[in-house]
Amino acid sequence: MEQFFSAINNVFDFVTPVSDFFWDFPTNFSWYADLPILGNFSLAIILLVGSGIFFTLKTGFIQITHFGTGIRLLTQQKKEKIGLSSLTAFLLSSAMRVGPGNILGVTGAIAAGGPGALFWMWISAFFGMATAYTEAVLSQIFKKRKEDEFVGGLPFYGKKLLGDKAWAGVFLSVMFIVYSMCCLPAQGFNVVSSIGQMGEILTGGSIDTASLFYIATAVLLIILTAYIAFGGIKKVTKVTDATVPVMAVVYILTVLVLIVMNPGRLAYFFRAVFGGAFTPQAVFGGAFGTVLAQGIKRGLMSNEAGQGTITMAAGAASTQHPCEQGFVQAVGVFLDTIVICTLTGFVVVMAHLWDGAESEAWLAMDRLPKFLASAQELTPGTAMNAVIAFLICFCFCLFAFTCLIGMISFAEIAANRISSKKTFVNAIRCLGICITAFGIACSMAGLDLGNLWAISDLGNILIVFANVPLLYLGAGYVFRATQHYKKSGGGKFNSDIINAPCEYWDEKNR
């Protein structure tokens, strides 16, 4: 079995260098890399951050002026006959945004770029809120009604913006499905491995990955995933409605307990973050651009603003005006990066293992063990060590599981852009479950197949390069919709407002 997995890993040896090339371009060329500061930033980072700044200015800092509106929409208790409520769509998108990357990505960024990387995560998130707003509004403008549901997102607005050509919708749908499938093995791996760690914490001993415990866990996880996936978007949202608030609250409270137990380290946290943002120590590369790049890249990969990967949830919401879900999705970026990622940063920076006497051993650890070791440092010699470690693994497990079912659900929505036939949609569901099972099997085999994980990075960058140009093509529609909302307070919306056909809104408000 181990030889089988290793063989598959070797087949994908080419993926890592290809993924790195696209993510790093053009920093992988000396003529560019030698440029001061700018030479540290890839085209992807410039494109994403630059777009965030552009959309922020053109919408009049919408993430500030209408942040309260987004919160108000989330607190409204409404049951929709068609589509999802704004809150349900928000929780579904948060299931994707708030994932293992909120722990692994932040820990990795601080390990590579120092505490200052966290500051630049905040900056990228602030401007990313405007990008998330833009893509969510586009999803709403061009969404379609399918029986008692709405479907929308990247493949749908992409088709409209590219001349309403069928090939455009199919191409973007296939790209999104491929992206989703590429991300599933890592999530299946993370769920099973975190459950195994929780079992070891409870029993106080190690558990063999070939044991009955792991086998039973794997079987139950596959059955549960299949049950939810074949229940469609409604079943998925019932799960995310229940799990996302739990995992967010538990994680927030767990970290707050660590902060309360270590009040003397708070001042150090802020000194390290703000000082490191502008004067990074030589151990972290000695370059301002290194810290900047780490923070921005990890922040954008966590909140996914600009990738188009959260647009499915935005398009599925029932709203009175397209801009409403844009406000809500901007709040989602805030929750993901400014709240959840910052809490992770508190633990890693306050523990101070990244440059202490044990820094060499700490840097050699994998990312989750790095974070667990940091949490343990903040509860030294107390009975809470096991409790804190268990709660962190519990949250990590839910982060991964909600990402998993969200990926399958969004792939299903993309599949509907190609064909609404049940056999085709069910085939996509089955494919997602099989690929998840493969990731679970990798965990049980004790293998961390780096080349396969690199596939998800490749999918991410390809989605970015496909989505961001479309946002500029549709920016005029978003800006007109935004002006209309500001002037009318969310009045009736139709195609006359943006000078482009939007069938659903014309039918709704004719």
Side-chain angles (χ1 to χ4, degrees), residues 47-76 83 86 89-90 93 125-145 150 152-154 156-164 305-306 308 310-311 313-334 467-510:
L47 191 63
L48 287 166
V49 176
S51 297
I53 294 172
F54 174 74
F55 294 131
T56 294
L57 295 175
K58 293 294 288 185
T59 58
F61 287 81
I62 200 76
Q63 66 268 59
I64 296 176
T65 60
H66 287 74
F67 185 83
T69 305
I71 297 294
R72 177 178 57 78
L73 290 167
L74 286 174
T75 58
Q76 292 177 349
S86 288
F90 170 81
S93 64
F126 174 76
F127 292 114
M129 290 170 73
T131 305
Y133 167 83
T134 301
E135 58 189 6
V137 174
L138 274 178
S139 299
Q140 276 287 312
I141 289 174
F142 296 115
K143 70 182 180 182
K144 291 182 175 293
R145 178 175 173 177
F150 291 118
L154 172 59
F156 295 84
Y157 63 69
K159 177 177 180 289
K160 286 290 185 182
L161 296 173
L162 293 173
D164 210 18
I310 305 298
T311 57
S318 175
T319 63
Q320 297 302 310
H321 192 283
C323 292
E324 291 182 349
Q325 202 60 28
F327 306 141
V328 168
Q329 294 304 321
V331 174
V333 174
F334 181 89
N467 183 57
V468 173
L470 292 174
L471 298 186
Y472 282 97
L473 281 178
Y477 303 137
V478 175
F479 300 152
R480 292 184 199 114
T482 303
Q483 290 172 355
H484 176 260
Y485 187 93
K486 290 179 178 180
K487 288 180 180 179
S488 67
K492 289 186 177 182
F493 181 86
N494 56 45
S495 58
D496 293 337
I497 293 164
I498 62 170
N499 298 321
C502 39
E503 292 88 349
Y504 167 72
W505 294 101
D506 286 341
E507 180 184 343
K508 175 181 171 67
N509 294 320
R510 60 181 164 192

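- One finds the CZ atom of Phe327 at 4.5 Å from the NE2 atom of His66 (value rounded to the nearest 0.5 Å).
- Asp496 meets the salt bridge (charged side-chain N to carboxylate O under 4.0 Å, His left out) test with no other residue; sequence neighbours excluded.
- In terms of heavy atoms, Thr131 sits closest to Leu48 at OG1-O, 4.4 Å.
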Legend entry - Chi angles and distances behind the side chain to side chain contact (heavy atoms under 4.5 Å, CB included) call for Phe126, Phe61: CA-CA 10 Å; Phe126 174 76; Phe61 287 81; 3.9 Å; yes
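- Annotation: Lys58, atom NZ; neighbour count of heavy atoms from other residues, nucleotides and ligands within 6.0 Å does not exceed 12.
- Atoms CZ and OG1, from Phe479 and Thr134 in turn, are 6.0 Å apart once rounded to the nearest 0.5 Å.
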Inset, instruction - Take Val331 and Val328 through the test side chain to side chain contact (heavy atoms under 4.5 Å, CB included) and record every step on the way to the result. - result: CA-CA 5 Å; Val331 174; Val328 168; 5.7 Å; no
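- Residues forming a side-chain contact (heavy atoms from CB on, under 4.5 Å) with Ala330 (at least two apart in sequence, or on another chain): Met129.
- Glu135 approaches Leu471 most closely through the heavy-atom pair CB-CD2, 3.6 Å.
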Inset, instruction - Show your reasoning for whether side chain to side chain contact (heavy atoms under 4.5 Å, CB included) applies to Asn467 and Tyr157. - result: CA-CA 10 Å; Asn467 183 57; Tyr157 63 69; 2.5 Å; yes
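- Identified under the side-chain hydrogen bond (donor to acceptor under 3.5 Å, both in side chains) test for residues 470-483, with sequence neighbours left out: Ser51-Tyr472, Tyr133-Thr482.
- Shown here for Phe156 and Phe142, the closest heavy-atom pair between the two residues is CB-O, 4.1 Å.
- With hydrogens and angles ignored, the 3.5 Å screen pairs a side-chain donor or acceptor of Lys143 with a backbone N or O of Ala317.
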Inset, instruction - List the steps, then state whether side chain to side chain contact (heavy atoms under 4.5 Å, CB included) holds for Tyr485 with Thr69. - result: CA-CA 12 Å; Tyr485 187 93; Thr69 305; 3.7 Å; yes
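- Between Phe493 and His321, the ring planes lie perpendicular to each other; the angle is over 60°, past the 30° to 60° tilted range.
- In this structure, CG on Leu154 lies 12.0 Å from CD1 on Ile310, to the nearest 0.5 angstrom.
- Heavy atoms only, all atoms of each residue included: Ser139 and Gly315 are closest at CB-N, 3.8 Å.
- Taking all atoms of both residues into account, the shortest heavy-atom contact from Gly474 to Leu161 is CA-CD2, 3.7 Å.
- Here the straight-line distance linking atom CD of Gln329 with atom CD of Gln140 works out to 9.0 Å at 0.5 Å rounding.
- Atom OG1 of Thr319 sits about 6.5 Å away from atom CD of Gln325, to the nearest 0.5 Å.
- For the atom pair OG1 of Thr56 and CD1 of Ile64, the computed distance is 8.0 Å after rounding to the nearest 0.5 Å.
- Ser495 and Ala500 get closest at one heavy-atom pair: CB-O, 2.8 Å.
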